[in-house]
S.K.: 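The structure is given below, and queries will be raised subsequently.
Lettering follows sequence order; numbering is per chain, from 1.
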Number of protein chains: 2
Amino acid sequence: MGELRETFDNPATCGLPQALEVMGERWSFLILRAAFNGYVHFEDFSSQLGIARNILSNRLARLVENGVMERKPCEHDRRKVEYRLTEKGYDLLPAMLALRQWGEKYGQNVNPELELVDAEKGEPIAPIAIRAADGRELGWHDLAWKKRGEKGKPDCC
Amino acid sequence: MGELRETFDNPATCGLPQALEVMGERWSFLILRAAFNGYVHFEDFSSQLGIARNILSNRLARLVENGVMERKPCEHDRRKVEYRLTEKGYDLLPAMLALRQWGEKYGQNVNPELELVDAEKGEPIAPIAIRAADGRELGWHDLAWKKRGEKGKPDCC
DNA sequence: TTTACAAGTTGTCATTTGCAACCTGTTTCC
DNA sequence: GGAAACAGGTTGCAAATGACAACTTGTAAA
């Protein structure tokens, strides 16, 4: 991405600009979603997302470059290539689900015939929430910024 | 955004494309972050983010249009305008924190002098996680898609 | 050994971004 | 009351990014 630089290079900044540097481009999250759904080949992503081939190529390369996905030629058919999530990629699941739940809460045309459930019990998962170390759910006004020993709520970044 | 349309209009789709339609553009999340940090005026956003004025104008208008922020002229100084988060905007906090935590976990130059804490106890908040209805933490492989009575793990969208 | 397929790359054109300059409606200061 | 300053924009233009279609390359199947 272009000029998040000023924010990006500031060492006192929070992790959001870094995350956006990697995932903030058009299609990145939808490619990630497809990967979570088991798609691994270039043509699969291409046909499922309807994304232009050069953009897909570019995005996959960027995701690989940033360690979110791994690229390796397929063993049995060396025409094919496999793109798979790394651990770093899997770690984006909470962020993706939080976005998705938000989209579903406020979206217009969303009737998700498919619902994410806890595989063990078959019940829907809980909404993604902010929690204290002891598990209490927290809202924005229950949060504060701490400066390495201090307490209070100064500006973030 | 341009051609997420095919995905967007499909009623069987999940909420992710909707969320990206609103928040997937450059700067949107950083504007949101600034709003969470108490910035309310055009010039505040402008100088904190270093974003071009026309883009800022456009993004704020889009966020207002999509119900994430509210725009109202300032009572006491009618030159000024206040942009404030709506409830819909506040509901993006988990998604934003999940992204931020991911960025901090894997980022290079991040030493967040400021840390988010539970205001009541002063301790750092827990990592944003996926949980079952009963509170158990879940990973990707503990999840399944349910189709309105069925059970299993077919394709998502 | 020809044909088909997967995964790109290249060329062209439309859209989006970034930058600077300008405009308009307050407010402040003298 | 009038001049200067300030907040929040808009406009015009250059540069970067995205979309679409056609072409290339390295396998594999027939």
S.K.: Determine yes or no for a side-chain-to-main-chain donor-acceptor pair under 3.5 angstrom, with A:Lys72 supplying the side chain and A:Arg84 the backbone.
M.R.: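 Not at all, since once roles are kept as given, no pair shorter than 3.5 Å links the two residues.
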
S.K.: Fit a plane to each ring of B:Tyr90 and A:His141, take the angle between them on a 0 to 90° scale, and name the class: parallel (under 30°), tilted (30 to 60°) or perpendicular (over 60°).
M.R.: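 The rings of B:Tyr90 and A:His141 sit tilted, inter-plane angle from 30° to 60°.
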
S.K.: Please report the distance, rounded to the nearest Å, between NE2 in B:His76 and P in C:dG25.
M.R.: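 B:His76 atom NE2 is separated from C:dG25 atom P by 23 Å.
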
S.K.: With respect to the phosphate group of D:dG8, does any side-chain polar atom (N or O) of B:Ser46 fall under 4.0 Å of OP1 or OP2?
M.R.: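 No, because none of the side-chain N or O atoms of B:Ser46 sits under 4.0 Å from OP1 or OP2 of D:dG8.
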
S.K.: Any ion pair linking A:Asp134 and B:Lys121 (charged N to carboxylate O, less than 4.0 Å)?
M.R.: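 A:Asp134 and B:Lys121: salt-bridged.
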
S.K.: Distance check needed: D:dT10 C1' versus B:Ile51 CD1, whole Å only.
M.R.: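 Going from B:Ile51 (CD1) to D:dT10 (C1'), I get 15 Å.
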
S.K.: Between D:dT17 and A:Arg62, is there an OP1 or OP2 to side-chain N/O distance shorter than 4.0 Å?
M.R.: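 The answer is no; no side-chain N or O of A:Arg62 sits under 4.0 Å from OP1 or OP2.
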
S.K.: Nearest whole angstrom, please: distance from the C1' of C:dT15 to the CD of B:Glu25.
M.R.: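 Answer to the nearest Å: 12 Å.
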
S.K.: For nucleotides 12-14 of chain C, list the nitrogen or oxygen atoms of the protein found under 3.5 Å from its nitrogen or oxygen atoms, one pair per line.
M.R.:
none

S.K.: Side chain of A:Ile55: nearest nucleotide among D:dA19, D:dT10, C:dA7?
M.R.: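 Taking heavy atoms from C-beta onward, the closest nucleotide is D:dA19.
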
S.K.: Using a cut-off of less than 4.0 Å, is there contact between a side-chain N or O of B:His41 and OP1 or OP2 of D:dA7?
M.R.: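 Answer no for this pair, as no side-chain N or O of B:His41 is under 4.0 Å from OP1 or OP2.
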
S.K.: Quick one: does A:Val117's side chain get under 4.5 Å of A:Glu123's, heavy atoms only?
M.R.: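 Result no, sub-4.5 Å side-chain heavy-atom pair not found.
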
S.K.: What parts of residues 77-85 of chain B reach DNA chain C, counting only heavy atoms under 4.0 Å away?
M.R.: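 Within residues 77-85 of chain B, the residues near DNA chain C are B:Asp77, B:Arg78, B:Arg79.
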
S.K.: Does C:dT9 have its OP1 or OP2 closer than 4.0 Å to a side-chain nitrogen or oxygen of A:Ser57?
M.R.: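 Yes, because at least one side-chain N or O of A:Ser57 sits under 4.0 Å from OP1 or OP2 of C:dT9.
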
S.K.: Would you work out how much the helix from C:dT1-D:dA30 to C:dC30-D:dG1 bends between its ends, with each end axis defined by five base pairs, to 10 degrees?
M.R.: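 For the helix from C:dT1-D:dA30 to C:dC30-D:dG1, the axes at either end differ by 10°.
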
S.K.: Taking only side-chain nitrogens and oxygens of B:Trp27, does any of them come within less than 4.0 Å of OP1 or OP2 of C:dT17?
M.R.: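 False: B:Trp27 side-chain N/O out of range (4.0 Å or more) of C:dT17 OP1/OP2.
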
S.K.: Give, for atom CZ of B:Arg59 and atom CZ of B:Phe45, the distance between the pair rounded to the nearest 0.5 Å.
M.R.: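 Here the rounded value is 14.0 Å.
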
S.K.: Using 4.0 Å as the upper bound for N to carboxylate O, is an ion pair formed by A:Arg53 and A:Glu43?
M.R.: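 The answer is yes: the pair qualifies as a salt bridge.
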
S.K.: Determine yes or no for a side-chain-to-main-chain donor-acceptor pair under 3.5 angstrom, with B:Lys146 supplying the side chain and A:Gly122 the backbone.
M.R.: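 Present.
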
S.K.: Please confirm whether the backbone N or O of B:Ile128 pairs with a side-chain atom of B:Gln101, one donor and one acceptor, at under 3.5 Å?
M.R.: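 Answer holds: yes.
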
S.K.: Any side-chain heavy atom of A:Arg26 sitting closer than 4.5 Å to one from A:Ile55?
M.R.: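 No, side chains not in contact.
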
S.K.: Does the side chain of A:Tyr39 reach to within under 4.5 Å of the side chain of A:Leu49, using non-hydrogen atoms?
M.R.: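 Counting from C-beta outward, A:Tyr39 and A:Leu49 never come under 4.5 Å.
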
S.K.: If I take atom CD1 from residue A:Ile51 and atom CG from residue A:Leu60, how far apart are they, to the nearest 0.5 angstrom?
M.R.: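 Going from CD1 on A:Ile51 over to CG on A:Leu60, the span is 7.5 Å.
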
S.K.: Between A:Asn58 (CG) and C:dT10 (P), how many Å, whole number?
M.R.: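 Result: 13 Å.
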
S.K.: Rounded to whole Å, how long is the line connecting atom CZ of A:Arg59 with atom P of D:dT17?
M.R.: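 Answer to the nearest Å: 10 Å.
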
S.K.: Whole Å only: how far is the NZ atom of A:Lys72 from the C1' atom of C:dG8?
M.R.: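 Interatomic distance, NZ of A:Lys72 to C1' of C:dG8: 20 Å.
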
S.K.: In Å, rounded to the nearest 0.5 Å, how long is the span from CH2 of A:Trp102 to CG of B:Asp91?
M.R.: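 One gets 9.0 Å once the value is rounded to the nearest 0.5 Å.
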
S.K.: Select one nucleotide: of C:dA6, D:dG8, C:dT17, the one nearest the side-chain heavy atoms of A:Glu43.
M.R.: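 For A:Glu43, the side-chain atoms sit closest to C:dA6.
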
S.K.: Rounded to whole Å, please give me the gap between CG in B:Leu60 and C1' in D:dG8.
M.R.: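 These atoms are roughly 10 Å apart.
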
S.K.: Rounded to whole angstrom units, what separation is found between the CG atom of B:Leu49 and the P atom of C:dG18?
M.R.: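 Whole-Å distance recorded here is 11 Å.
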
